[in-house]
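Before any comments, here is the structure.
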Amino acid sequence: GGNDNSNGNASGDGETYHWKFVTEEIDGQVQYEYAEEFAKRMKEKSDGAVTIDVYEFGGLGNETDQVEQLQSGTVEMAVMSPGFTGGMVKEGQLFALQFLFPENVETTQQILNDSEALNKDLRELYEEHNISPLSFWTEGAMQWTSSKKIAEPSDFEGLKMRTQTSPLILESYEAYGADPQSMSWGELYTGLDQGTVEGQENPIFFIGDASFHEVQDFMTLSNHNNYVAMTTVNTDWYNGLDDEMKSMVDETIEEMQDWVFEEQKKQNEEYLEVIKNDSENPTEIIELTEEQREAFKEKAAPVRDFYREEVSTVNGEILDKLLEEIEAAGE
Amino acid sequence: MIATMLIIMVVLLFLNFPMMIPLMVAPLIIMFIYFPTLDPMILMQQFSTGIESYVLLAVPLFIFAADIMTTGKTSNRLLDFIGSFIGHIRGGYAVTTAAACTLFGAISGSTQATVVAIGKPMRERLLKVGYKDPSAIALIINSSDVALLVPPSIGMIIYGLVSGTSVGKLFIAGIIPGILVFLCFAIYSVIYAKVAGIPLASKATWSERLQMTKKALLPLGFPVLIIGGIYTGLFSPTEAAGVSVLYAFILEVLIYRSVHIKEMPKIAKSTGLVTSAVFVLVAGGQAFTWVISFARIPQMITETILGTDPSAVYVLLMVTIFFFIGCMFVDPIVVILILTPIFYPAAMSAGVDPIHLGVVITFQAALGSATPPFGVDIFTASAVFNRPYLEVIKGTPPYIIMMFVISALLIFFEELSLILL
Amino acid sequence: MNLLKVVDKIILKVEEFILSYAVIIIALMVVGKAIIRESFGYSLPFADEVSQIAVVVATFMGISYAARKGRHISMSAFYDLAPFKVRKVLAIFIPFVSAIVLFVLGYYSALYVMDVQESGRVTAALEMPAYYLYIFIPIGFFLGGIQFLRNAWINIRNRDEVYLGTDAKDYNDQETKELEGTHL
Ligand code: NA
Ligand code: NA
């Protein structure tokens, strides 16, 4: 058996470190590739002193379990999406707001890199729970797939849209007149195939990987929000690292921002081609006109008030600051 | 670590401990010995995660529906109807059971739900016409396996995601192996019925058949409602389980009045008891999985056995063995999720077709959940039929041999899955 | 002694009530969700969560009930072949050790519940404190442990028969008796 003690506790020459890094995705998908690349770089920089075991999704339980495992120090590092911590750090739900970030994913990533609202204010809220988000990055813009064409808000009227069940997300789709439905992941492919639900949202690489395009006729390139992930560490553990190691981690986190942007871009572009070229299961790709986009944006805007009043615990302060930063980035 | 775990499990099991004890205590002991710095609380978290899966909800619901129907008249009417057509044919009931399991498994996607929903009524009838209990139960458990192979198969959907292969193609590729299993079981059933001298009913006249059909008209709404409901998108497979409870309730309580509404809590209590007995094992299995994954045991083992540059047949053989063993302990879905990424790269570089790999994996997962010593279907049968373990497994060897033969065919002839594509 | 019997009776009734209604609630939620969606196009956002809670409740609250009825699944292959005396010894030893295991599990799961409570985590749809759900795990383990102790005790008290649970005699002996009956 392997007797791995994962606490690198003292500094000095010859010290080795063995960490565990858990992700919400599986081999080949963006989060997992990120963690592997991170592990590789840390190993190189430390001349082999740091080894990181990367765990893909599945073995260690569900996403919420993984969050708790990070909090308790069972694992040192985790990629997590704020959606799965929305029951704990409510402000994290702001990433579910639609048409908040710019349509351009590169600009969005720039905002995620620089935002003080996220990297300072939101981080502090997470640190109350022993989780330190060291970076925020996009896995790509979210798109809609559906069995009926979606090009303007009225197309959503009565559409059975599979979403996650948080009140904020329900509110977002009800704003377009859709009927948001919950459906477990295991039933989604069949549910879309047989019309129990008629649409779903995900980044392109995930849609292609899970074959959802096989059972959907349309994909709207809505970029209605971004699938944002955070690289997080256990706060106590991170603070206990010696300065040299800590700056090595920080530096690598920083470098990884460009790397993961290229990785998600590559994967999303590749899968877009896969979906376009699947002639057995044709999927019509719909690009929104500026006018159509504005129509959605208008419907989505009031949901921000719902967020401020019903979700936020700080009266939307972080959202408002982020909005200013987004506006500044647009100029 | 692997040895410690196995010793704890085997010793406790053979002493006749309730199976939940070794499943829950082995991970705890491993944690104390090998990961003393970790908090055992994590295992508690996994207990609830194991049973929170939405798809699992179908199991108590189908048990509930079957309990209502067997308390009342529905299942007898259905079985009389079937009997009037096939009662005089050698092996007729057994073949019907296999067919019903295949069909139902296909739509429910859950081997456990199939054991319950088809197995419960069919077992009673099989016993009545002269089958011995172990052979009836073995037939039910193994025919239910096919659930994982015939579309829409949850096992294949998960494999499709993990491997990035087309779920639609996987569905098609599973058809021939699924039919092959059914044919083998059907032929065996006919031979068994002849050898065991199962008496035949006299052939029913057409007027008798008409009468049975009339009586079964409403109960026949069951398959129509469930199959039709799922394929038209009216509801999901799990919801179909719920709808079958509702339909059973309407028939028995409101129409036939053979069950009084006051009896419902009592029926539900028996459902709850069986659900608990099975689900504590699912919960324990999840904690077990957590420890194994955390300690990277699957990676450790496969690195040693796969070596460098293995041949396609060798990889498939190892896939067969590992999935078979894995599914003895834990839910097939979890095994597919954990083991697929470990074997997939080796299989690809050895030139195995990814669709074919998916079929082999799903097939093994199905087989593993029905073979002794462990296996979720065996537990379910033991709980639902309230029979001791030994009696549940006594009749399984012929089926396991047939399944092994088909496994071997799958390893050598990828055409079995790829020819329809 | 009488008081204990009354307490036992109350616990039994509560367990039976919880098991029954957990199953009925699951059925109502799953069916209700499907019917409401298809007829009104509206999704019951809490339905899935309520059913999942009911499953957790039924599973863990069922541990002691299944122990009482001798219905926990075990691999009885060797046990069934053993002579009366061996089965008698095992019937005392096994529930006793099982009880200890369940108490240990109960202890750790109680710690886990407190941890979740402290985190303030709420569930996604109902936004209900998550620990409400988990609290049934330690309760179930503790009640299960007590029941296993009782199973051990009844086998110590009654020398002539083997009990699988306080309400369930060993089927091995029953079958033998049936056979003897036919011979006579
Ligand atoms: Na399509
Ligand atoms: Na097995």
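The chains referred to below are lettered A, B, ... by the order of the sequence lines, with proteins before strands, and numbering in each begins at 1.
Contacts between V101(C) and chain B at a heavy-atom distance below 4.5 Å involve the side chain alone, from C-beta outward. For I51(B), the parts lying near chain C are the backbone and the side chain together; criterion is any non-hydrogen pair under 4.5 Å. For V116(C), no part lies under 4.5 angstrom from a heavy atom of chain B. Proximity to chain B is limited to the side chain of F148(C), based on heavy atoms less than 4.5 angstrom apart. If you measure heavy-atom distances from V274(B) to chain C, the contacts under 4.5 Å come from the side chain alone. At a 4.5 Å heavy-atom cutoff, the contact between L133(C) and chain B is made by side-chain atoms alone. With a 4.5 Å cut-off on non-hydrogen atoms, Y21(C) touches chain B through its side chain but not through its backbone. Heavy atoms of A283(B) lying under 4.5 Å from chain C belong exclusively to its side chain. For I18(C), no part sits under 4.5 Å from any heavy atom of chain B, backbone or side chain. Contact of L28(C) with chain B is not made at all, since no heavy-atom distance falls under 4.5 Å. Only the backbone of A58(C) comes within less than 4.5 Å of a heavy atom of chain B; no side-chain atom from C-beta onward does. Only the side chain of E38(C) comes within less than 4.5 Å of a heavy atom of chain B; its backbone N, CA, C and O stay farther away.
Distance check: S48(B) OG to Y112(C) OH gives 5.5 Å after rounding to the nearest 0.5 Å. Atom OH of Y65(C) and atom NZ of K269(B) lie 3.5 Å apart (nearest 0.5 Å). Considering CG of L57(B) and OG of S51(C), their distance stands at 5.0 Å, rounded to 0.5 Å. L390(B) contributes atom CG, which lies 6.5 Å from atom CG of L81(C) (distance to the nearest 0.5 angstrom). I94(C) CD1 to L12(B) CG: the interatomic distance, rounded to the nearest 0.5 Å, is 9.0 Å. Between Y108(C) atom OH and M24(B) atom CE the span is 15.5 Å, to the nearest 0.5 Å.
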Could you give me the CA-CA distance, side-chain angles and deciding distance for I35(C) and F235(B), then say whether side-chain contact (heavy atoms from CB on, under 4.5 Å) is met? CA-CA 9 Å; I35(C) 291 180; F235(B) 33 75; over 6 Å; no
Could you check F93(C) against F17(B) for side-chain contact (heavy atoms from CB on, under 4.5 Å), going step by step and ending with a plain yes or no? CA-CA 10 Å; F93(C) 173 73; F17(B) 267 90; 4.2 Å; yes
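Using a 4.5 Å cut-off on side-chain heavy atoms (C-beta onward), L43(B) and L105(C) make no contact.
Of the residues considered (L273(B), V25(B), V245(B)), L273(B) shows the highest number of contacts with chain C, using heavy-atom pairs under 4.5 Å. Your options are I137(C), D48(C), L90(C), and the one with the most heavy-atom pairs under 4.5 Å with chain B is D48(C). Of the residues considered (M19(B), K394(B), M20(B), E239(B)), E239(B) shows the highest number of contacts with chain C, using heavy-atom pairs under 4.5 Å.
Scanning all heavy atoms of the two residues, the minimum distance from A277(B) to I73(C) falls at O-CD1, 3.8 Å. Taking each heavy atom of A268(B) and V23(C) in turn, the nearest pair found is O-CG2, 3.6 Å.
Remark: the backbone N or O of P265(B) is paired with a side-chain donor or acceptor of S20(C) at under 3.5 angstrom. A side-chain donor-acceptor contact under 3.5 Å links R37(C) to the backbone of L234(B). Put simply, the side chain of Q52(C) gets close to the backbone of E52(B): a donor and an acceptor are under 3.5 Å apart. Side chain of R71(C) to main chain of A383(B): a donor-acceptor pair is present (N/O by atom type, distance under 3.5 Å, no hydrogens or angles).
Ring geometry, F60(C) versus F47(B): the interplanar angle falls from 30° to 60°, so the pair is classed tilted.
Counting non-hydrogen atoms of other residues, nucleotides and ligands closer than 6.0 Å to CD1 of I261(B) gives a total of 12 or fewer. Heavy atoms from other residues, nucleotides or ligands lying under 6.0 Å from OH of Y107(C) number 12 at most.
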